[in-house]
Amino acid sequence: MSEFSPKSDFLRVLTERGYIHQCSDMAAVDDKARAGELIAYIGFDCTAPSLHVGSMLQIMMLRWLQKTGAGKPLPLMGGGTTRVGDPSGKDESRKLLSIADIDANKESIKRIFSSFLAFGEGKTDAAMPDNAEWLTALNYIEFLREVGRHFSVNRMLAMDSVKMRLERDQELSFIEFNYMCLQAYDFVELNRRYNCNLQMGGSDQWGNIVTGIDLGRRMGTPQLYALTSPLLTTSSGAKMGKTAAGAVWLNADMLSPWDYWQYWRNTEDADVGRFLKLFTELPLDEIRRLEALQGAEINEAKKILANEATAMAHGRAVAEQSAETARKTFEEGAVSADLPTVEVPRAEFAAGLGVLTAFVRAGLVASTGEARRQVKGGGLRVNDKPVTDEKATLGAGDLAGGEAVKLSLGRKRHILLKPV
RNA sequence: GGGGGAGUGUCCCGAGCGGCAAAGGGGGCGGACUGUAAAUCCGCUGGCUAUGCCUUCGUAGGUUCGAGUCCUACCUCCCCCA
């Protein structure tokens with residue numbers, strides 16, 4: 001398979017840029033792509049109000065599918081399957097979410113896709129189905145007779161996601177055990193409704209996808225295909241998408257574009273080339289030039305990565321503003337008015353706000369106790385001057401360069417505190 | 001149904017003779033070094049109106065000057081026998 005050289009733009013791009021982990025039939029998928037007849041779906045869980053960067057790889061695959069004219073992308077909302085819970089890749093079962101929460105999450109997630117895909121009725125326009133549409137209407141007995149009879153429990157027990165739980169003596173509830181059946185059925189249903197013929201996903205989804213292909217064969221669909229992407233970790237082994245502040249969300253109301261830009265800006269040297277290929281659409285020869293930069297010069301590549309990734313998710317203007325704010329803050333050491341701002345009542349400020357409290361208000365530390373410890377460690381600064389006296393107060397005299405005080409935790413996290 | 005074992009600092013794992021804000025590690029945060037990188041080294045990693053006060057060891061009671069540690073009941077999980 002590694003020897004295969006694709007003729008379609010779609011598979012060529014995916015191969016060159018490192019999106020492909022496994023494919024059930026490269027040659028067949030290649031043909032369909034060339035004919036513009038790939039109708040591909042990727043399922044997205046509705047377990048949180050936003051997707052995070054961990055899903056970016058999947059989103060990019062749909063985007064390339066559309067961009068190369070290979071066919072129609074179908075981001076599938078897991079409004080139904082999230083009610084059951086996917087055990088793949090998880091050590092233990094998760095609490096079931098309430099249906100109201102799932103629906104709220106779904107609405108929030110839907111908004112993300114309009115930044116990445118063009119929706120409509122045309123041949124390569126995206127559509128966004130929700131498996132709650134058919135899964136919640138299923139009748140148990142009917143489902144068992146028509147779909148359930150095609151599943152072999154023997155085979156299901158041998159699947160990695162199940163085997164792992166059994167071998168470690170970890171609980172696997174019946175509801176979770178059913179998850180793969182529902183996902184397999186989704187594939188068949190999407191074929192019936194949209195002529196969907198390809199399911200993509202992370203490598204942990206391989207088992208679920210193949211189960212769907214198999215079910216399709218038994219239930220009389222045309223041949224279906226599977227294509228998975230590698231599980232991404234940073235060079236130092238961490239999972240993608242976690243930072244001090246938590247997950248790197250794609251929704252701007254969950255994580256500000258500024259923080260999103262910063263996430264990409266702080267990429268490890270060793271990951272720059274790989275990430276440029278996966279998370280931007282820059283030409284490969286440009287990327288080769290950027291990743292070859294040595295020493296401190298590679299920071300230029302990181303800025304471009306941050307700009308491109310942020311532009312895609314939040315728009316070019318916002319990305320450029322973040323870049324400019326970063327330049328002022330980190331390269332000039334100036335106070336940029338565009339840094340994230342937290343407001344405090346002017347009266348409170350005039351009365352003299354304790355430094356510790358101020359940092360808690362700014363959200364840079366969780367408690368005054370933590371603020372106190374950070375002072376001891378030299379981690380807090382007011383207008384770039386280290387805080388040495390934990391009893392100090394902020395007043396009008398600290399309003400540097402205008403209307404706000406710049407509070408910093410460490411060298412990277414800055415907040416403007418603004419009296420109103 | 002009978003017998004045995006376990007639940008610890010709300011990120012995780014984990015030690016804990018009746019004096020414990022509780023060992024150690026991972027993770028995280030901060031500092032030094034750098035390039036807003038990695039690696040390395042150092043510090044910190046319950047809360048507060050703070051030389052003291054409050055809340056923490058599955059839940060609820062009890063014994064004791066004093067309980068994570070002892071007793072009782074209950075909950076949850078695991079193992080063995082039926």
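In this structure, A:His414 has its ring center under 6.0 Å from that of A:Phe330.
An anti orientation is assigned to B:C70, its glycosidic angle lying beyond 90° of 0.
Both distances falling under 3.5 Å, in either a Watson-Crick or a G-U wobble arrangement, place B:C48 opposite B:G52. Across all strands shown, B:A60 is found opposite B:U72 as a Watson-Crick or G-U wobble partner, with both distances under 3.5 Å. Using N1 to N3 plus N6-O4 or O6-N4 for Watson-Crick, or N1-O2 and O6-N3 for G-U wobble, each under 3.5 Å, B:U40 pairs with B:A32. In this structure, B:C77 forms a base pair with B:G5, meeting either the Watson-Crick or the G-U wobble geometry with both donor-acceptor distances under 3.5 Å. Across every strand in view, B:C20 sits unpaired, with no contact that passes the Watson-Crick or G-U test at under 3.5 angstrom.
Nearest nucleotide to the side chain of A:Asp269, out of B:G47, B:U36, B:G35: B:G35. Of all nucleotides listed (B:G35, B:G47, B:G30), B:G47 comes nearest to the side chain of A:Ser367. The A:Asn299 side chain lies nearest to B:G35 when the options are B:A38, B:G47, B:G35. Checking B:A37, B:G30, B:U36 against the side-chain heavy atoms of A:Leu409 singles out B:G30 as nearest. In the set B:G47, B:G30, B:U36, the nucleotide with an atom closest to the side chain of A:Gln262 is B:U36.
Separating the CZ atom of A:Arg327 from the C1' atom of B:U36 is a distance of 15 Å, rounded to the nearest angstrom. Rounded to whole angstrom, the span from the CZ atom of A:Phe359 across to the P atom of B:C29 amounts to 17 Å. Rounded to an integer number of Å, the gap from CZ of A:Arg274 to P of B:A37 is 19 Å. Rounded to whole Å, atom P of B:A38 lies 10 Å from atom CG of A:Asp271. We find that CD1 of A:Ile304 is positioned 18 Å from P of B:A37, with the value rounded to whole Å. Distance A:Glu390 CD to B:A50 P: 11 Å, rounded to the nearest Å. Remark: P of B:G35 and CG of A:Leu290 are 20 Å apart, rounded to the nearest angstrom. Per the geometry, NZ belonging to A:Lys303 stands 9 Å off P belonging to B:U36, to the nearest Å.
Side-chain atoms of A:Trp134 and A:Asp186 form a donor-acceptor pair, as typed in the model, at a separation below 3.5 Å. A side-chain donor from one of A:Ser108 and A:Asn251 sits under 3.5 Å from a side-chain acceptor of the other.
Contact between the side-chain N/O atoms of A:Thr267 and the OP1/OP2 oxygens of B:A37 is not found at any separation under 4.0 Å. Side-chain nitrogen and oxygen atoms of A:Thr368 include at least one within less than 4.0 Å of the OP1 or OP2 phosphate oxygen of B:U49.
Residue contacts shown for A:Lys376 are absent, as no nucleic acid heavy atom lies under 4.0 Å away. The residue A:Arg373 sits close only to the backbone: its heavy atoms come under 4.0 Å of sugar-phosphate atoms, none of a base.
Heavy atoms only, all atoms of each residue included: A:Thr393 and A:Gly352 are closest at CB-C, 4.1 Å.
Between A:Gly377 and A:Asn266, the residue whose closest nucleotide on RNA chain B is further toward the 5' end is A:Gly377. In this structure, A:Thr357 and A:Ala326 both approach RNA chain B, and ranking their closest nucleotides by distance from the 5' end singles out A:Ala326.
Crowding of A:Lys110 atom NZ: a count of heavy atoms from other residues, nucleotides or ligands under 6.0 Å exceeding 12.
With A:Arg17 contributing its side chain and A:Lys277 its backbone, the two residues share a donor-acceptor pair below 3.5 Å.
Residue side chain A:Arg372 reaches the base of B:A50 through a donor-acceptor N/O pair under 3.5 Å, judged by distance alone.
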